[in-house]
Structure formats: C-alpha cells, structure tokens
Amino acid sequence: MNKGARISIVLVSAAVAVGLILFGIFGYLRTYPPTVVFTPSPTQPHTVDVTLQVDPDVGPGHAHPAWPGWFAKNAQGKWVQTTLYQVPERTYVHVTVYEYDSGGPLRNPIWGKVTGTVGNDVVLNGKTVSLLDAAQGFGVGHTIVAPALGLSVPVWGLSGTEKTFCQTGPCTLSNAHNVETFTFYTGNHPHNYRWQCFIPCGAGYLNGNGGPMATTGYMAGFWKVVA
Amino acid sequence: MAIDMTPAAGVGSPTDLEARGLKAAKPWFKGNMITALIGGGIGYAFGHWLGNAIASNYSVYVSSGQNEVAIYLSLIIGCLGWFIGLGALNYPIQKLLGLEPAEAPKSEKRTFWEHFTYSTDHKVVGVQYLFGMLLYFLVAGLLALGIRTELLSPVNHIWAPDTYIEIVGEHGTMMMMMMTSIVMGPFGNYLIPLMIGSKKMAFPRLEAASFWFTVPSFLILLSALWQGGFQSGWTGYAPLSIQGGPGQSDYDVAFALMALSMICASINMAATIINYRAPGMRWSRMPILSWGMITTAFTMLLSVPVLFDGLYVMSLDRGVRTAMLYAGHGGSSFLWENLFWFFGHPEVYLLALPGFAITVEMLPVFARKPVFALKTSTAGLIGVAVLSFFVWQHHLFMSGMNPDMRPLFMLTTELISIPTGFLYLVAMGTVWRGKIRFEVPMLFLLAVFWNFLWGGVTGVYNSDVPVDALVHGSFFVMAHFHFTIMGQLIFAVFAAVYYYTPLIFGIRLNDKLGKISFWIIFVAFNSTFLPLFMIGLLGQPRRVFEYAVRLQHLNQWVSISAYVLGFGILLYVINLIWSLAVTRTPSGPNPWESRGLEWQVGYPIPPDNFVKIPVVNRDPYGYGTGDDTPVADLDPVGDRAAVVTGGDA
C-alpha cells in the first residue's frame with residue numbers, strides 16, 4: 001500500500017470517528033424534552049400563567065409510554081410532554097395543575113405540607129388547603145418540589161378505579177381529574193432551579209424509585225428562571 | 001516438557017468441510033469479525049425473543065415497561081453468538097467430536113487483517129489489546145471532557161442532571177473496568193514470552209478469549225449511554241443499582257464480561273510465568289515486568305471472581321427480583337459493598353502494580369544503571385498484592401460500618417504505603433547518579449515520580465478516618481485517585497507505548513512530536529488535577545452537576561486545563577497513528593540499547609519467538625557494570641542445548 005493510500009485511510013477513519021462522536025453527542029446525549037416558555041401578558045407584566053397536567057401514562061409516541069409524566073400547555077394551547085419550564089425572574093407564577101393520576105398514602109406525612117407558595121397554600125378543587133392529609137381520601141399522587149426555591153407542593157390524587165380514569169396522556173377534561181392551583185414567586189436570581197416529584201411513582205421499580213423518577217421529562221426537570 | 005511446541009499426535013483427521021458438503025459454513029468455521037457481528041446480532045435477537053416469551057407478562061415488567069429477563073438474555077446469548085461467530089468454539093467442539101483441529105500457521109510477517117481474527121498468536125493478541133485499550137481509553141477520556149464541559153458553569157447546563165451522572169458513571173466504569181488490562185493486555189501478552197524465553201503463552205485460546213471478551217464488554221457498556229445509563233456510578237451500590245433502568249443491566253453484563261476477560265488473562269499469565277520460563281530464568285533473574293504480571297495475575301485471580309459473584313447476585317436481584325441486596329426484603333446492601341470492594345480495592349492495585357513494574361522495567365535502560373535493589377522491588381510488588389486484600393473496608397468508613405473496625409482498616413491501609421514506598425525508592429535509587437538519557441519514554445517515567453508523589457501522599461491522609469470523614473465523596477478523593485492511576489499508570493503506559501513501538505512494529509515514533517505531547521500532557525495533567533484537591537477541600541462533591549458559584553473560577557481553570565490535556569493526548573495518538581501508518585520510519589532492531597531478552601531476537605520477531613529455546617545467563621539489568629555477559633544464549637549448543645531439552649539432546 002502506497003503512502004497516499006495510507007494517508008487516505010487514516011484521514012477517512014478519523015473523519016468517521018469524529019462523525020460518530022458528533023452523532024453520539026448531538027443525536028442523543030443532547031436530546032432533551034423541549035422547554036416551554038411562559039411569558040407575561042402586556043397587561044400583567046410580572047405574572048405568568050402555567051398550566052400543567054400529570055398523567056398515569058404519557059402514552060404512545062414517547063420514549064417510555066408506560067411511565068407517568070408531566071405535560072405543559074404551550075403558548076399555542078398544545079400539550080407538550082416536558083418538565084422544563086422557562087419563566088421570568090421577579091414574577092408571580094400562577095400554576096394550574098390537572099391531576100389525572102391515582103394517589104396513595106405518603107411514606108412521610110411531611111410531604112403533604114405546602115411550602116413556598118404565596119400564602120403557603122394551594123386551592124384544591126376550589127378549596128384552600130395548606131396540608132394534604134394523604135391518609136384520607138385517595139392520597140397524594142405527585143409533588144412539585146424545587147428545593148432551591150423553597151417550593152413543595154403535593155398534588156392530590158384520584159382513585160385508580162374511576163370510570164373515566166385516564167389511561168394515556170395527554171388526558172382531557174372529560175377524564176376524571178383534580179384541579180389544583182397555586183402561585184409562587186421566582187425571585188431575583190436567574191438560575192435553572194431543579195425540581196423533582198418526591199412521591200415514588202416509578203411502578204415496577206424498587207420502592208417506586210428509578211425509571212421516571214430519575215429521568216428528565218417525566219418526574220424531574222427545571223424551572224428555568226431567566227432575566 | 002512444557003516448552004515443547006510439537007503438536008499432539010492426531011486423534012482424527014482435520015475437518016474438511018467441503019468434503020462434508022458444508023462449504024457454506026466455511027466462514028463460520030474459520031471465524032472473523034463479520035460472522036461475529038452476525039452471530040452476536042442473531043444471539044441478541046434470539047435472547048430478546050426468549051426473554052419476552054418467558055417474562056413479558058410479569059406484572060413488574062408490564063408496569064415498568066422494562067423486561068430485565070429479555071435484556072440479560074439478549075446480552076448473554078448475543079455474546080455467545082459473538083464468540084461462535086469469531087470461531088472461538090471451533091477448537092473445543094472439534095475436540096469433542098474426536099477430531100484434531102488444524103492449527104493456523106503462524107506467519108513471520110503479520111497482516112493487518114490478522115488483527116481482526118481470533119488469533120492465538122500472543123504477539124497478535126498483544127497488538128489487538130494495545131489498540132483496543134487505546135480506543136477504550138480515548139472514549140472514556142472524551143466522556144471526561146463532557147464532564148468538564150458541564151462543570152464550566154454552575155448555572156448554565158450542557159447536560160441534564162441525569163445525563164451528567166450517566167456520563168460520569170460511564171467514564172468511571174470504562175476507565176476502572178477496561179484499564180485493568182492496559183498493561184497486562186498489550187505488554188504482558190506481547191512481551192512476557194519474549195522476556196522469559198518462551199515460544200508462546202501457556203493457554204493461547206484463553207489469551208485470545210481474554211481480548212475478545214473486552215470488545216462486547218466495551219460495546220455493551222457504551223450502549224448503556226443510549227439506554228438511560230446507570231445512575232449508580234461505577235460502584236453500582238444497591239439499591240440504586242436495583243432501581244436502575246436497562247443501562248444498569250448493561251453495566252452488569254459488561255463488567256461480568258470484563259471480569260471473565262481478567263480471569264482468563266490472569267490464569268494464562270500465571271501459568272506461563274510459572275511453567276514456561278526458559279532454562280536459567282530463575283526467579284531471581286526474572287524481569288521486574290514479569291514479577292509485576294504474576295503479582296497482578298494472582299491478585300486478579302483472587303479478587304475478580306468475587307466481583308463476578310457480586311454481579312451475578314445483582315443480576316438476580318434485578319432480573320428475577322430476588323432481594324439479596326435489598327434490605328427491605330431481608331437482603332443487605334452491605335453485601336454488595338463488601339463483594340464489590342473486596343474486588344474494587346485490590347483492583348486499584350491491579351492498576352498500580354503493572355504501572356510500577358513497567359516503570360522499573362524501563363528506568364534502567366534510560367538511567368544506564370542496574371535496577372537498584374531488585375529484590376526489594378519484588379518484595380514491594382508482593383507486599384502490595386498481599387496487603388491489597390486487607391484494606392477494602394476503608395471504602396465503607398462512611399457507609400455505616402461497625403466503627404470499631406475502622407482503626408484496623410485504617411492501619412492496614414496505611415501499612416500499604418510501606419511496600420509502595422519500596423517500589424518508589426527502588427525507582428529513585430535506580431535513577432540516582434545514572435547517566436540519564438532524556439528520551440521521550442524517560443520523560444514520561446520521570447513524570448511518574450512527581451505525579452505519584454501527590455497521589456501517594458494524599459492517599460495516606462485519605463486512609464485516616466478523620467480526614468476521610470471530611471473529604472469523603474469530594475473532589476479531593478477524585479484528585480487523589482487520578483494522580484495515582486492516571487498520573488502513574490497512564491504515564492507509564494505512554495512511556496511503554498513509545499518505548500516498545502520499535503520492538504512491536506519496527507518503527508520509531510516522531511521524537512519532536514513525542515516531546516511536545518509529553519510537556520503538554522504533563523503540565524496540563526497537573527494543572528487539571530492539582531486544583532481539584534483545593535476544590536474538594538472547599539466542599540465540592542463528586543457526581544453532582546451543580547456547585548457553589550464561588551468555585552466557578554477554579555472549575556473553569558480545571559476544565560480548560562482538561563481540554564489542553566485532551567489536546568496533548570490527541571497529539572500523542574496522532575504521533576502514534578501517523579508514524580505507524582504513514583511515515584513508517586524504521587527504528588532499527590534495538591534503538592534504546594536495552595539488554596532485555598525481548599530485544600535480542602531482532603525485528604521482525606520470528607513466528608515462534610526463538611529459533612531455539614534460549615538459556616538465560618543473568619538478569620537483564622546489567623547496565624554500566626562492565627559485565628557484558630549476554631543476558632541469554634540464543635543458540636545453545638552442546639551441554640547448554642541439553643539443558644533445554646532436559647538432557648535428551
């Protein structure tokens with residue numbers, strides 16, 4: 001083999017290697033769920049409305065259709081399966097959560113306490129509450145906990161035997177659901193605030209942890225507070 | 001006798017497939033990488049189908065959408081298919097059928113494609129290992145750059161937190177798992193028969209298997225990244241590992257395959273060194289690299305099966321929901337911690353021992369002096385190997401172990417600094433007042449002194465319970481083990497690749513590029529890892545993708561240094577590839593003027609290494625002593641030839 005051929009082989013091999021690396025990095029590792037951007041309306045500059053739903057199964061068309069997960073309504077009114085939400089700093093975020101998943105008792109009742117919201121309470125199906133007693137009713141399904149924001153909001157669950165219990169997301173208002181609203185302040189430090197559901201809801205995984213509990217886009221994500 | 005290369009008397013005829021109407025099956029009976037990939041693919045698909053047929057209706061799998069039985073079976077049967085495709089089972093199957101398999105003739109001039117086959121030639125396996133290990137190292141190194149890119153900023157993120165921990169786990173596992181063979185694989189397999197005067201390794205098929213286990217192991221481990229990774233990190237602690245997704249099963253199988261590789265390699269290495277030494281190659285004359293290999297081999301043989309057991313237990317917990325590692329159902333996560341670290345701490349010495357050995361092997365060549373206190377260095381190797389089995393619980397200091405056991409393991413850990421000190425002082429004594437030649441390999445070897453000093457001294461502090469309580473899980477510990485492993489082993493390997501390229505390929509690497517790459521690597525390595533001691537003491541934990549804003553500047557310094565380090569290593573690799581594939585400057589037979597037996601056979605090395613079994617006269621380190629007695633008689637005649645044949649000549 002002459003020198004030119006050897007050079008060609010080395011260079012082609014290097015190009016293939018670089019191509020594979022770029023494919024690996026950008027084709028998969030940098031692939032995240034989309035970020036839904038929430039912006040204030042002109043009439044209420046320091047307020048944004050965020051509408052979310054949490055479903056027992058995110059449904060077909062997603063990487064893990066059998067996992068529970070969160071959807072956010074974007075500016076076009078479309079439900080997007082994601083846990084990445086961008087909101088402005090120095091803003092009151094009005095969150096409406098549609099809970100379509102079943103609940104259960106808490107392993108630690110402290111997770112039923114509401115903290116970090118305006119008034120340290122939530123409005124659950126029209127009634128203001130500051131503590132959800134998971135030993136009653138159908139218990140807590142999920143939580144929205146962002147430690148660096150001091151935010152911890154339990155979301156009241158449904159009975160899994162409801163006649164109109166939603167099977168796959170995104171669910172609609174014709175399915176059985178609870179509605180919970182609350183408001184929190186984003187503060188004046190732009191930052192990506194990690195949030196996580198703390199109720200082990202990874203069915204099929206040991207103690208309910210693992211799987212969706214550890215995966216961005218399902219039960220873990222960010223409140224991206226921007227300037 | 002053991003060294004006799006005469007094939008056994010045939011007990012049947014060599015298989016003639018065409019005569020039997022099996023022409024189409026011929027590629028399968030010869031084996032190559034294409035049939036291996038096809039076999040692996042078929043096995044994978046069959047295993048998946050079988051797993052789904054067995055367990056797809058289990059409620060636990062329906063809930064999670066993840067059938068572990070299918071995942072394990074697909075990987076295991078896929079690996080079996082890979083070996084069938086390689087032709088690894090041809091020999092035993094033909095033996096079972098009462099046939100005498102035909103041995104492939106060894107060629108004096110090796111071909112490029114020969115390196116993609118299931119070769120039983122130790123020199124081919126050595127080269128396979130060399131490039132395999134470099135590839136694994138570079139991939140794991142790229143992942144390290146991914147980690148450092150994320151840590152450029154505490155606020156702006158390149159990766160999601162789960163992806164970050166996947167990358168950290170992949171980097172750690174790939175380095176710690178695959179690099180156990182970075183000396184024994186390429187240099188042990190290639191050099192040991194030449195060094196001890198043998199025509200081959202004791203078990204060539206085990207030797208081939210040991211390499212070909214690493215390929216599926218690497219591919220499976222890498223594939224974990226595309227399956228959610230394993231968030232337990234390289235240590236695989238339960239219950240995180242039991243909760244993990246399919247990527248954790250990849251970790252499990254990949255590590256088990258690598259364990260099999262290590263077991264095969266170490267059995268072969270120990271058997272070869274014990275049984276295949278040429279006449280005159282007494283234990284006292286044996287090269288220090290051989291001592292390093294045999295101590296490493298025994299350490300592997302005693303520790304790796306324990307890891308394999310642990311992985312088996314983990315796979316049962318994950319696959320069929322036993323609860324051996326899960327306290328909630330009567331098991332114990334301490335079981336895994338003990339099984340893992342009973343392997344895991346000796347493993348640190350599986351990395352360090354060959355590094356020490358190959359450093360001491362090369363130093364006298366460039367210092368032009370005999371090894372200082374050769375027997376002491378041997379004692380150091382044996383001492384480290386033995387003590388390595390009595391220190392593992394220092395990894396559990398902060399895991400809730402019985403506090404009364406801490407002083408014992410603190411003491412044993414500190415004791416290991418004594419035999420380690422032997423090796424360090426032997427190396428220093430060898431260099432002391434030597435006529436040092438500052439060639440590229442020597443530069444890397446001298447850097448080992450500096451790097452290991454940092455790693456070794458901080459190791460003594462880490463072993464103290466009070467200090468460990470303070471720095472546990474921090475970047476301080478991370479900096480410590482990078483100085484001991486990368487600063488020692490990898491620098492020694494860089495020296496060895498440079499040093500042995502003339503012997504293996506007959507080609508000299510470019511000295512100018514070699515020196516430039518050395519200085520970049522050395523400065524950037526220290527610039528990367530020294531600040532990490534500080535960052536760790538300031539409280540930054542490992543495996544967390546966010547950190548305090550006040551540490552950003554230090555982290556940016558480290559990340560930029562890491563990029564420069566990556567560039568230096570890339571330059572080294574470019575030098576290697578370009579010199580071997582393009583410029584091909586002949587090196588001459590013994591460019592470093594080594595007295596080692598391996599350098600006396602000339603290039604190209606004969607197919608069976610030695611035309612006649614040599615008779616060894618002395619150890620190979622007689623530099624500057626005025627004693628020019630050749631290290632071995634390569635053409636023994638008369639009484640000396642009778643020694644070789646046991647008196648039958």
Side-chain angles (χ1 to χ4, degrees), chain A residues 1-11 13-14 17 20-21 24-25 27-33 56-58 62-68 83-84 148 189-194 196 200-222 224-225, chain B residues 58-68 112 135 138-139 142-143 146 149 153-167 222 225-229 231-232 238-245 248 317-318 321 323 325-326 328-329 545-546 549 574 577-578 580-584:
Chain A
M1 195 182 293
N2 63 37
K3 193 171 178 177
R6 295 200 302 268
I7 291 173
S8 303
I9 289 170
V10 169
L11 294 180
S13 305
L20 283 172
I21 290 165
I25 293 173
Y28 177 77
L29 295 179
R30 283 279 292 152
T31 305
Y32 299 129
D57 292 345
V58 294
H62 302 289
H64 303 284
W67 285 5
T83 50
L84 307 180
H189 294 294
H191 189 80
N192 291 333
Y193 291 97
R194 174 102 168 120
Q196 174 80 48
C201 54
Y205 292 88
L206 184 62
N207 287 339
N209 289 307
M213 291 295 289
T215 307
T216 304
Y218 291 87
M219 287 295 148
F222 283 99
K224 297 181 174 179
V225 176
Chain B
Y58 291 2
S59 59
V60 71
Y61 295 149
V62 172
S63 301
S64 64
Q66 174 187 322
N67 183 342
E68 292 298 338
F112 177 75
L135 174 70
L138 292 176
V139 172
L142 274 177
L143 294 168
T149 305
S153 165
V155 179
N156 298 309
H157 301 299
I158 304 297
W159 313 111
D162 39 342
T163 309
Y164 175 76
I165 197 68
E166 287 168 27
I167 292 172
L222 189 63
L225 267 185
W226 281 263
Q227 301 189 62
Q231 304 195 350
S232 64
L240 264 182
S241 55
I242 312 300
Q243 291 164 346
Q248 191 74 48
D317 268 17
R318 289 176 51 76
R321 295 299 194 265
L325 304 179
Y326 174 47
H329 292 165
F545 83 133
E546 284 186 325
V549 175
I574 288 172
I577 303 292
W578 203 256
L580 291 183
V582 179
T583 55
R584 302 171 72 87

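Because the structure is predicted, anything quoted here is derived from the model rather than measured. Quick note on labels: first sequence line is chain A, next is B, and so on, each numbered from 1.
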Most heavy-atom pairs under 4.5 angstrom with chain B, which of A:A14, A:A214, A:G221?
-> A:A214
By a 4.5 Å heavy-atom criterion (distance strictly below it), what part of A:P212 contacts chain B: side chain, backbone, both, or neither?
-> neither
Determine the option with the most heavy-atom pairs under 4.5 angstrom with chain B, choosing from A:G202, A:P65, A:G24.
-> A:G24
Engaged part of B:R318 at the chain A interface, taking heavy atoms whose separation is under 4.5 Å | neither
Can you name the residues that form a ring pair (Phe, Tyr, Trp, His ring centres under 6.0 Å) with A:H64, not counting sequence neighbours?
-> A:W67, A:Y218
Is the gap between the ring centers of B:Y164 and B:H157 under 6.0 Å?
-> no
Side-chain contact, heavy-atom cut-off 4.5 Å: A:P200 with A:N207?
-> no
Most heavy-atom pairs under 4.5 Å with chain B, out of A:A203, A:G208, A:A220, A:G217, belong to A:A203
Engaged part of B:E546 at the chain A interface, taking heavy atoms whose separation is under 4.5 Å | side chain
For the pair A:R6 (side chain) and B:V582 (backbone), establish whether a donor and an acceptor sit closer than 3.5 Å, ignoring hydrogens and angles.
-> yes
Using a cut-off of under 4.5 Å for heavy-atom pairs, which of B:V60, B:V155, B:V139 has the most such pairs with chain A?
-> B:V155
Given a strict heavy-atom distance threshold of 4.5 Å, which part of B:I158 is in contact with chain A: side chain, backbone, both, or neither?
-> both
So which part of B:F545 gets closer than 4.5 Å to some heavy atom of chain A, the side chain, the backbone, both or neither?
-> side chain
Going by atom types only, do B:D162 and A:T216 share a side-chain donor-acceptor pair under 3.5 Å?
-> yes
Looking only at atom types and distance, does a side-chain atom of B:Y326 sit under 3.5 Å from a main-chain N or O of B:D317, one as donor and one as acceptor?
-> no
Can you tell which part of A:L84 gets under 4.5 Å to a heavy atom of chain B, answering side chain, backbone, both or neither?
-> neither
Pair count under 4.5 Å, heavy atoms only, with chain A: among B:L225, B:I577, B:T583, highest is B:L225
With sequence neighbours excluded, tell me which residues meet ring pair (Phe, Tyr, Trp, His ring centres under 6.0 Å) with A:H191.
-> A:Y193
State, with a plain yes or no, whether a side-chain heavy atom of B:I242 is found less than 4.5 Å away from one of A:Y205.
-> no
